[in-house]
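Below, read A as the first sequence line, B as the second, and so on, with proteins coming before strands; counting in each chain starts at 1.
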Amino acid sequence: MVSERLMPPMSVPIVTRFAPSPTGYLHIGGARTALFNWLYARGRGGKFLLRIEDTDRERSTPEATEAILKGLTWLGLDWDGEPVSQFSMKDRHAEVARQMLARGSAYKCFCSQEEIEAFREAARAEGRSTLFHSPWRDANPATFPDAPYVIRLKAPQEGQTVIEDRVQGNVTFGNDQMDDMVCLRADGTPTYMLAVVVDDHDMGVTHVIRGDDHLTNAARQTQIYKAMGWSEPVWAHIPLIHGPDGKKLSKRHGAVGLHEYQALGYPAAAMRNYLCRLGWAHGDDEFFSDAQAKEWFDLSGIGRAPSRLDFKKLENLSGLHIAASADAALLPEIEAFLAASGRPALTSTQRDLLSRGLYCLKDRAKTFPDLIEKAHFILTSRPISPDQAAAKALDTVSRGILSELTPQLQNVSWVREDIEAAVASVAAAHGMGLGKIAGPLRAALAGRTVSPSVFDMMLVLGREESLARINDATG
RNA sequence: GGCCCGUUCGUCUAUCGGUUAGGACACCUGGUUUUCAACCAGGUAAGAGGGGUUCGACUCCCCUACGGGCUGCCA
């Protein structure tokens with residue numbers, strides 16, 4: 001961790017950005033990167049921008065952009081202004097390349113790709129460095145052929161480039177390890193290296209927080225900043241997220257796309273909490289709100305080692321967030337989950353009952369599917385077909401006892417205390433504890449052996465429905 | 001191959017030269033209980049290995065091992 005003393009004065013408005021390439025869904029690691037940027041900006045009154053890095057025309061798709069935007073929206077990360085298409089800035093990128101040319105900090109290189117590839121292959125075969133040194137770096141313009149060319153950065157060949165990284169510390173690269181990177185391709189389109197630097201500069205990005213797979217890129221990008229005389233942003237390269245086995249996260253580890261987590265039924269607040277805590281810490285704080293996260297989040301709390309996904313911990317946090325949510329906020333989230341996971345939507349009756357019953361469901365569910373399972377007594381309708389375990393609980397003896405319950409419940413006032421007393425008296429009449437009668441009663445009311453308290457269920461369902469279900473069960 | 005980064009309980013992490021190395025998740029035991037969840041009490045469990053520096057290293061330095069990244073006219 002690096003000291004927070006390197007921070008720029010607070011008077012400088014902070015601008016962060018998330019810059020995904022639209023080649024697929026929003027990756028869980030990308031989501032965390034976005035979250036860190038969002039938290040950092042939002043916690044300091046700064047701006048959080050979104051840029052779609054769509055310069056690779058082959059692989060970029062509008063569907064992927066859509067998926068990324070949807071993912072961020074679900075996660076609750078709002079960005080400032082319109083998302084910027086990097087491709088749309090291509091003329092500006094080319095302009096900057098020309099400027100570098102004019103400044104003498106870049107040059108035209110007429111080497112063909114085949115030529116360079118042949119060189120690299122030979123170098124690799126001989127175990128030599130594959131760094132390519134263009135013969136055109138210091139060539140006389142008079143000798144330029146009438147042929148396509150790329151614009152390469154005239155990078156320093158001696159000395160070193162130092163990245164003052166807020167997570168990784170000072171990282172030094174020998175300039176002799178970097179070749180003159182291509183900034184503008186032969187077809188006039190910009191390369192990634194040029195495009196990011198120009199865009200980050202133009203967008204006024206002050207803090208670049210991204211995956212540490214870009215750490216070495218930062219050194220190259222620094223050279224462009226210097227070539228243009230621009231000031232560098234604050235760098236913060238965060239470690240990647242790995243799978244539970246410590247290997248780079250991939251499909252075989254299960255859910256990789258953020259949308260999968262929504263379909264799995266984790267509330268967005270829990271995802272934010274979990275993702276924020278993954279690779280970052282604020283002392284012993286584990287369970288916290290967005291407001292606290294914004295207040296606490298800083299670059300110095302980010303660890304330097306990659307962290308692994310732990311679904312158990314996510315699940316635990318998920319349960320805590322569901323329990324802490326207000327009923328009114330939970331209901332629409334549950335409905336969104338139902339839609340996202342391809343389950344049937346709630347009928348208006350179900351919605352009413354669910355909103356009435358949420359109080360006894362939310363603190364016993366870890367995820368939305370878990371909650372839905374426990375809300376089975378609400379979502380199902382008569383006649384209820386008990387599952388195997390429930391059917392077992394409704395044996396002849398139990399059914400007999402249950403039938404004695406009906407007259408008792410008929411006249412009792414429908415409040416918890418009285419219902420409980422009625423059930424207890426029937427149980428007592430048979431010399432059994434509440435536990436003995438709760439089992440079959442639960443089976444009759446819910447058709448399951450796992451549910452909220454039988455009294456809560458009766459309260460939520462109402463007298464008429466409750467008695468009807470008991471009658472159904474006792475036949 | 002070259003360059004760069006990383007390594008504390010199973011997992012996420014605290015620690016910023018002096019602690020019985022703390023917390024959380026998970027797990028185990030016991031309690032509570034109307035099932036589940038929750039809750040209460042307790043427990044198992046860690047500084048990759050080897051050298052230094054220092055009165056004293058998880059903390060600083062070096063080496064090794066193991067992971068990871070970059071090394072494109074991909075991003």
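At a threshold of 4.0 angstrom between heavy atoms, the contacts of A:Gln113 include nucleobase atoms, whether or not backbone atoms are also involved. Across all strands shown, A:His214 has heavy atoms under 4.0 Å from base atoms, whether or not it also approaches the sugar-phosphate. No contact: A:Thr189 has no heavy atom under 4.0 Å from any strand. At a threshold of 4.0 angstrom between heavy atoms, the contacts of A:Cys276 with the nucleic acid are absent. Backbone-only contact: A:Thr172 has heavy atoms under 4.0 Å from sugar-phosphate atoms and none from a base. Looking at heavy-atom distances under 4.0 Å, A:Ala186 makes contact with a base. At the heavy-atom level, A:Ser451 lies under 4.0 Å from base atoms of the strands shown. Here A:Gly439 lies out of heavy-atom contact (under 4.0 Å) with every strand. Residue A:Gly319 is classed as having no contact, given no heavy-atom separation below 4.0 Å to the nucleic acid. Looking at heavy-atom distances under 4.0 Å, A:Val171 makes contact with sugar-phosphate atoms alone, never a base. Here A:Met178 lies out of heavy-atom contact (under 4.0 Å) with every strand. Backbone-only engagement by A:Leu278 is indicated by non-hydrogen atom pairs under 4.0 Å involving sugar-phosphate atoms exclusively. Heavy atoms of A:Asp187 sit nowhere under 4.0 angstrom from any nucleic acid atom. As judged by a 4.0 angstrom heavy-atom cut-off over every strand, A:Pro452 is placed among the base-contacting residues.
Between the base of B:U71 and the side chain of A:Arg120 there is no donor-acceptor pair shorter than 3.5 Å. For A:Arg308 against B:U11, no side-chain N or O and base N or O form a donor-acceptor pair under 3.5 Å. Looking at A:Thr216, its side chain has no donor and acceptor atom pair within 3.5 Å of the base of B:U71. Contact of A:Arg304 with B:C5 (side chain to base): no donor-acceptor pair of N or O atoms is detected under 3.5 Å.
Separating the CG atom of A:Asn170 from the C1' atom of B:C4 is a distance of 14 Å, rounded to the nearest angstrom. Atom CD1 in A:Ile437 sits roughly 18 Å away from atom P in B:U33 (whole-Å rounding). B:C5 atom C1' lies 12 Å from atom CG of A:Asp213, rounded to whole Å. Rounded to an integer number of Å, the gap from CE of A:Met458 to C1' of B:U34 is 11 Å. The separation between A:Phe173 atom CZ and B:G69 atom C1' is 10 Å, rounded to whole Å. Going from atom CZ of A:Phe455 over to atom P of B:C36 covers 16 Å, rounded to whole Å. As a whole-Å value, the separation of A:Leu371 CG from B:C36 P is 17 Å. The distance from atom CZ of A:Arg364 to atom P of B:U33 is 16 Å, rounded to the nearest whole Å.
Side-chain contact between A:Leu354 and A:Leu361: present, with at least one pair of heavy atoms (C-beta onward) separated by less than 4.5 Å. The shortest distance between side-chain heavy atoms of A:Trp235 and A:Arg210 falls below 4.5 Å. By the 4.5 Å heavy-atom criterion applied to side chains, A:Val197 and A:Val96 are not counted as neighbours.
Among the nucleotides B:C73, B:C12, B:G6, the one closest to the side chain of A:Ala305 is B:G6. Distance from the side chain of A:Pro306 is smallest for B:G6 among the nucleotides B:G6, B:U71, B:G67. Out of B:G68, B:G2, B:G6, the shortest distance to the side chain of A:Gln177 is found at B:G2.
Nucleotides B:A57 and B:G51 have their C1' atoms positioned 14 Å apart, rounded to a whole Å. Rounded to whole Å, the separation between the C1' atoms of B:G72 and B:C62 comes to 35 Å. Rounded to a whole angstrom, the distance from the C1' atom of B:G42 to that of B:C4 is 47 Å. When the P atom is used for both B:U11 and B:G67, the distance is 16 Å, rounded to whole Å. Spacing of P atoms, B:C55 relative to B:C12, comes out at 37 Å, to the nearest Å. For the C1' atoms, the distance from B:C9 to B:U13 is 11 Å, rounded to whole Å. Rounded to whole Å, the separation between the P atoms of B:C16 and B:U59 comes to 13 Å. B:C36 and B:G10 are spaced 30 Å apart, taking the P atom of each and rounding to whole Å.
The nearest pair of heavy atoms linking A:Ile322 to A:Pro267 is CG1-CG, 3.6 Å. Residue A:Pro148 comes nearest to A:Phe110 through the heavy atom pair O-CD2, 3.7 Å, listed as atom of the first residue, atom of the second, then distance.
Nucleotide B:C66 is matched to B:G6 when pairs are restricted to Watson-Crick or G-U wobble geometry with both distances under 3.5 angstrom. If you check B:G42 for Watson-Crick or wobble pairing at under 3.5 angstrom, you find it paired to B:C28.
Aromatic pair A:His214/A:Tyr192: ring centres closer than 6.0 Å.
Side-chain contact, A:Asp285 with A:Gln292: no donor N or O sits under 3.5 Å from an acceptor N or O. For A:His93 and A:Asp199, the side-chain atoms include at least one donor-acceptor pair closer than 3.5 Å. Side-chain contact check for A:His430 and A:Glu404: at least one donor-acceptor pair (N or O, by modelled atom type) lies under 3.5 Å.
Both A:Leu184 and A:Ser129 lie close to RNA chain B; mapped to their nearest nucleotides by heavy-atom distance, the more 5′-ward contact belongs to A:Ser129. Annotation: of the two residues near RNA chain B, A:Val450 and A:Arg220, the 5′-most nearest-nucleotide partner is A:Val450.
Regarding contacts with the backbone of B:A37, every side-chain N or O of A:Lys362 stays at 4.0 angstrom or more from both OP1 and OP2.
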Could you run down nucleotides 19-27 of chain B 5' to 3' and tag each one B, S or - for protein heavy-atom contact under 4.0 Å? ---BBBSS-

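Looking at residues two or more places apart in sequence or on another chain, you find no side chain to side chain donor-acceptor pair (under 3.5 Å) involving A:Lys90.
Ring planes of A:Trp280 and A:Phe288: perpendicular class, angle over 60° (limits at 30 and 60°).
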